[in-house]
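Not measured: the values here are computed from a predicted model. Letters A, B, ... mirror the listed sequences (proteins, then strands); counts begin at 1.
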Amino acid sequence: MKATFKIFRYDPDKDKKPYYKEYTLDVEPNTVLLDVLNDIKWHYDGTLTFRRSCAHAICGSCGMTINGKNRLACQTLIKDLDTSKPIKIEPLKSYPVIKDLVVDMNKFYEKMFKVKPYLVNDNPPPGREFLQTPEEQKLIDEAYSCIWCGCCTSSCPSFWADDDYLGPAALLKAYRFIFDTRDTLTEERLRIVNDADGVWRCHVIFNCVEACPKEINITEYISRLKLKVVTSKL
Amino acid sequence: MSLYMSPKYKEQVLDRKRWFEWDYKWFWGSFAWVLHRLSGWALVFYLLLHIWVIHHLSRGPAAFDQVMQAVGTPLFKVLEIGLWGVIVYHAFNGMRVIIVDFWHGSKYQKQLFFIVLFLFVVLWVGGGIIMALHMIH
Amino acid sequence: MIHFHYHDVIIVGAGLAGTRAAVEVAPVADVAVISKVFPTRSHSTAAQGGAAAVLNNNLKRGVDTWLLHMFDTVKGSDYLADQNIVEYFAKEAPKAIIEMEHWGTPFSRMPDGRISQRDFGGHQRTRIAHAADRTGHALLHTLFEQSIRLGVKYYPEFFVMDLILDEEEGDYVVRGVVAYDIRTTELHIFQSKAVMLATGGGGRIYKITSNAHEYTGDGFGMIYRKGLPLQDMEFPQFHPTGLYPLGILITEGVRGEGGYLINSKGERFMERYAPDFKDLAPRDVVSRAIYTEIMEGRGVGPKKDHVLLKIDHIGKDAIMEKLPEIWKFAKTYTGVDCTKEPIPVMPTMHYMMGGIPTHHETGEVVADVGPDGEVSKVVKRLYAGGEAACESLHGANRLGANSMTDTIVFGRRVGKHMVEILDTIKIKDLPEDVGKEQEEKIKAILSRNSGEKVSKLREELQETMWENVSVFRTEEKLIKALDKIKELQERYKNVYVEDKSTTFNMELKEALELENMLNYAEALVASALFRKESRGAHSRVDYPNRDDEHFLKHTLAFKQEGKEPLIKQRNVVITRFPPQERRY
Amino acid sequence: MSFKSSGNSGAFAWFYQRITGIFLFVILLLHFTIMHFTGTGEITYENIVGRLSDPYWKMLDLSFVVFALYHGLNGIWMAIQDYVRSEGWRAVIYTILVLVGVFLFFLAAVTLIPFGLK
Ligand SMILES: Cc1cc2nc3c(=O)[nH]c(=O)nc-3n(C[C@H](O)[C@H](O)[C@H](O)COP(=O)(O)OP(=O)(O)OC[C@H]3O[C@@H](n4cnc5c(N)ncnc54)[C@H](O)[C@@H]3O)c2cc1C
Ligand code: HEM
Ligand code: SF4
Ligand code: F3S
Ligand code: FES
């Protein structure tokens with residue numbers, strides 16, 4: 001089966017402006033899109049550039065906008081895409097582009113760091129593990145599985161409009177620690193998300209949930225954060 | 001930040017950010033939100049107009065009847081049917097948003113949105129017919 | 001333009017081993033971590049099943065002790081592990097895991113709130129601490145996050161090309177590393193008091209592997225190219241259950257939770273190969289069993305080239321709770337719903353037991369051994385950890401879940417050791433011409449306009465390794481592979497790239513990686529040729545028995561320019577458990 | 001006045017947007033039904049003035065105005081924060097919104113309150 005891939009290209013060394021380049025090649029319905037990109041890079045056009053590592057949706061490197069939707073190339077099969085038209089592949093929306101499909105995620109990381117993404121527990125550690133029941137663990141079970149791919153934040157209209165918005169991934173990270181029964185920095189974390197550019201910029205648009213390759217119900221956790229903020233004394 | 005970044009590389013990146021990414025895929029959630037935002041703004045402008053109109057009451061019956069005549073033309077009546085649609089949409093989608101935020105409705109947000117759309121169509125058409133009938137009378 | 005940086009400690013690699021060491025050093029010294037991918041993209045994040053440690057939280061199969069853990073590991077290693085190292089490991093493992101919990105790792109829990117543990121192959125007790133089936137992700141993120149808290153500096157997307165070595169009082173000594181910024185292709189020289197290599201393994205020399213695209217053994221290559229030895233490279237581990245046909249890993253945890261393998265006749269064939277441990281036998285045993293089934297015609301599928309892993313009988317809820325990622329992998333990549341049908345699997349290249357040899361006390365990299373088989377020379381202040389290192393914990397075959405514990409136990413040890421010595425070290429100036437060689441190398445690759453394509457050479461290497469150096473080996477095949485590698489090394493001298501850009505030039509990086517791959521592949525095959533016996537993961541059809549008399553020794557391979565690698569043997573440390581026949 | 005401080009973070013706006021939303025849901029639908037669907041709602045001066053003389057109706061209509069104004073203008077303020085990044089412009093717009101709100105409330109109050117009190 002033949003399919004055409006229309007890929008965003010930009011190399012600051014030689015291009016003034018980005019452009020799209022089309023590649024047509026043989027694929028199977030079960031071919032993983034990342035393998036198609038590798039195939040292009042290794043056999044047709046060595047200059048095509050993208051990030052990838054694990055090849056099975058766990059390292060978060062290969063987030064890109066595929067047919068207008070953010071997803072991981074290594075988790076997208078050709079059969080999930082409409083091959084009757086060229087398949088459009090762009091770098092993740094709204095992040096600056098370094099080259100081709102490689103984006104600069106520093107802003108994203110900065111926000112992750114802003115919510116103090118590390119467990120703080122001021123109590124003297126017991127001689128063994130902190131106890132946490134399976135129910136308590138379930139609260140954060142889904143939230144901690146975020147792989148920092150950035151698909152969600154890049155898909156959020158609030159983030160498009162407002163660069164400073166913390167964004168779904170960082171809010172999810174904040175949730176993961178605020179609702180971790182072992183963490184004691186709750187109040188400070190709540191203050192961080194309770195900012196004009198924090199949790200209140202979320203208008204429950206759900207683009208983030210649609211984009212998240214780990215199928216995390218991010219909006220749910222953001223909503224819980226909002227409720228927690230308004231019901232806490234800050 | 002503790003991530004090293006070469007100064008050279010900062011100059012090179014291509015900024016392609018826009019305030020709205022029109023060619024991003026439209027999911028139900030974005031539809032719901034854009035319509036909610038538009039309907040909210042429309043309602044505010046209507047509210048301003050409405051208060052200004054009603055305010056003529058305090059100037060006595062004559063003044064009031066005069067503006068009522070201005071806004072009583074068929075054009076305004078038809079617009080009123082539109083207003084009803086805007087209200088129904090905003091009201092029910094607003095409730096959807098509240099259910100999501102307050103009562104863990106996020107899992108069912110799509111179903112809730114379909115219910116909103118359904119109620120919107122039924123109530124708008126139903127209400128619209130009644131209003132149209134009043135108009136004809 | 002060449003940039004200079006100084007940090008007290010440089011760590012190459014931001015996986016579990018590297019970040020664990022960084023967290024240890026950060027409170028007392030200036031530490032920087034260099035990684036060719038953003039830290040959380042390191043391959044450790046892909047580890048699924050869990051980390052082994054004696055916590056005694058799940059007594060289903062009896063009370064656990066560090067001695068039992070030690071015994072299982074030594075037996076699993078086919079007695080090639082250094083037992084002093086294994087003892088240290090088994091004793092430290094619980095502390096290391098508890099520490100990780102205190103830092104926030106979201107482990108799965110027992111009903112009473114303690115860390116949940118599960119079964120794994122080759123372990124007699126239920127001792128695998130886990131966070132669902134994304135334990136590596138949970139551990140790596142915890143360490144990265146804590147390191148951010150401690151202000152560790154990161155150089156993400158920097159490719160380390162070489163070590164800066166020097167000589168001092170008869171030993172080598174490390175002065176820093178040469179790296180280039182992948183985003184700008186500018187050269188950076190890092191000077192430091194101590195360096196740790198935590199660059200992970202190198203499964204990408206094989207065609208089918210569970211390893212990441214970035215897993216190209218750069219640490220191995222860096223060491224080997226410098227004429228330093230690699231140890232026990234003949235033992236790459238083939239994981240029995242890679243998702244057919246892609247090779248993506250299906251964790252041993254599936255069998256730990258009650259899954260089992262079946263062949264085309266529906267037989268639970270592991271009962272024949274390992275009557276006691278059955279499907280929970282160590283990986284070398286299970287992989288050989290699967291290959292034997294396939295060779296004897298009992299494989300499934302049109303090509304009869306794989307087997308099936310059944311898990312649906314434990315119930316949908318249990319699968320969704322304990323193995324959510326596995327369910328998704330199978331569903332996404334093969335369309336199989338493992339709550340209803342068995343998963344198609346086949347062995348996949350998974351782990352490097354061998355690697356950079358380290359000194360058993362200081363953890364420093366070994367530079368040579370004497371004729372008596374004892375370490376005679378080290379590279380001072382150069383450490384190795386994680387999969388890149390061969391502390392010789394895993395011997396000839398690693399037990400599942402020992403590797404993640406390995407990374408944190410020995411990452412921690414390296415960190416502690418660095419902290420102890422830092423104050424005593426004086427910094428010396430680097431040589432004038434530092435970085436010139438590497439600059440030339442990059443220039444040469446970029447300026448060539450025709451020649452050999454990187455991807456072509458790499459594919460030939462992967463094909464050769466998969467055909468000739470996988471689970472079952474023969475002298476003939478190994479010689480064929482070695483000749484091929486020699487040929488590829490020659491052709492590599494003429495390698496070129498299409499991408500001439502100095503911004504994020506992935507092709508250039510692949511070219512540099514390929515050089516490393518061709519180097520340690522050579523060491524691997526030469527070591528395998530040398531070891532004329534079958535032990536652990538190394539099965540020679542022509543020498544089917546274990547030969548303790550000649551080969552109860554580590555293999556060290558040294559590069560010799562223009563010649564076959566030089567092989568030396570290093571003694572194995574045996575303290576508590578003398579070698580026995582290995583039955584499961 | 002800082003428009004980013006935690007006191008003005010948006011928590012209050014978010015919460016009361018929802019509370020007023022729920023209230024408006026009931027009262028607005030009721031209002032529209034009465035005015036347009038049931039026969040009672042012929043919009044003439046007498047009709048309206050008659051209803052406004054009833055203190056309960058008066059209370060209800062007044063609170064309706066207050067809630068609708070708060071909700072509508074607060075809603076606009078929430079949206080403005082998405083698009084307007086500069087502190088200065090935010091302050092200007094905020095002030096305008098408050099002034100508009102106060103003025104319209106004044107207009108509505110002088111209209112609604114006097115009826116029936118004479
Ligand atoms: C799919 C899979 C599942 C696994 N499951 C388990 C399990 O359940 N239990 C278990 O115990 N073990 C498991 N393992 C093994 C275990 O995960 C790894 O051995 C371990 O994580 C290796 O950690 P590391 O710190 O040594 O290296 P890595 O995490 O791989 O880190 C390597 C680092 O080095 C950097 N690097 C490499 N080369 C360069 C260079 N040239 N320049 C700069 N930086 C460089 C990389 O960027 C990366 O940051 C699994 C492995 C795989 C592949
Ligand atoms: C009928 C019941 C109503 C309900 C249940 C309701 C509910 C809501 C909710 C929940 C929001 C917040 C949305 C968000 O945070 O993104 C909102 C926003 C808004 N509402 Fe209402 N509302 C109602 C009526 C009105 C009326 C009568 C007006 C006009 C005066 C109005 C104007 C607005 C405006 C302007 C916004 C901001 C929209 C935006 O740009 O995001 N609403 N509404
Ligand atoms: S929440 Fe999901 S989409 Fe967002 S960064 Fe994490 S994994 Fe990616
Ligand atoms: S898309 Fe954005 S607005 Fe909220 S629900 Fe997701 S963060
Ligand atoms: S390559 Fe790791 S997420 Fe796609």
Per-residue contact mode, [X] against chain B (heavy atom under 4.5 angstrom):
X	value
Pro12(A)	side chain
Leu227(A)	side chain
Tyr221(A)	neither
Lys69(A)	both
Leu92(A)	backbone
Asp104(A)	both
Lys99(A)	neither

Closer than 3.5 angstrom, by distance alone: can the side chain of Tyr24(B) be matched with the main-chain N or O of Asn70(A) as a donor-acceptor pair? yes

Is [Y] close to [X] at the side-chain level, that is, under 4.5 Å between some pair of heavy atoms?
X	Y	value
Lys25(B)	Asn67(A)	no
Val100(B)	Ser223(A)	yes
Glu220(A)	Lys107(B)	no
Val204(A)	Trp33(B)	no
Asn106(A)	Met5(B)	yes
Lys93(A)	Asp23(B)	yes
Val97(A)	Val13(B)	no

Among Arg18(B), His36(B), Glu21(B), the residue with the most heavy-atom pairs under 4.5 Å to chain A is Glu21(B)

Chain A interface, residue from Phe102(B), Trp28(B), Phe27(B), Trp19(B) that has the most non-hydrogen pairs under 4.5 Å: Phe27(B)

Determine, for Tyr95(A) and Arg16(B), whether the Lys NZ or Arg CZ falls below 6.0 Å from the six-membered ring centre while staying within 45 degrees of the axis. no

May I ask you to check if Lys110(B) and Phe206(A) form a cation-pi contact, with NZ or CZ under 6.0 angstrom from the six-membered ring centre and within 45° of the axis? no

Euclidean distance, [Y] [atom2] relative to [X] [atom1], rounded to 0.5 Å:
X	Y	atom1	atom2	value
Leu14(B)	Asp15(A)	CG	CG	10.0 Å
Asp101(B)	Thr219(A)	CG	OG1	9.5 Å
Asn217(A)	Ser106(B)	CG	OG	4.0 Å

Can you tell me if [atom1] on [X] sees more than 12 non-hydrogen neighbours from other groups inside 6.0 Å?
X	atom1	value
Lys14(A)	NZ	yes
Lys79(A)	NZ	yes
Tyr108(B)	OH	no
Gln111(B)	CD	yes

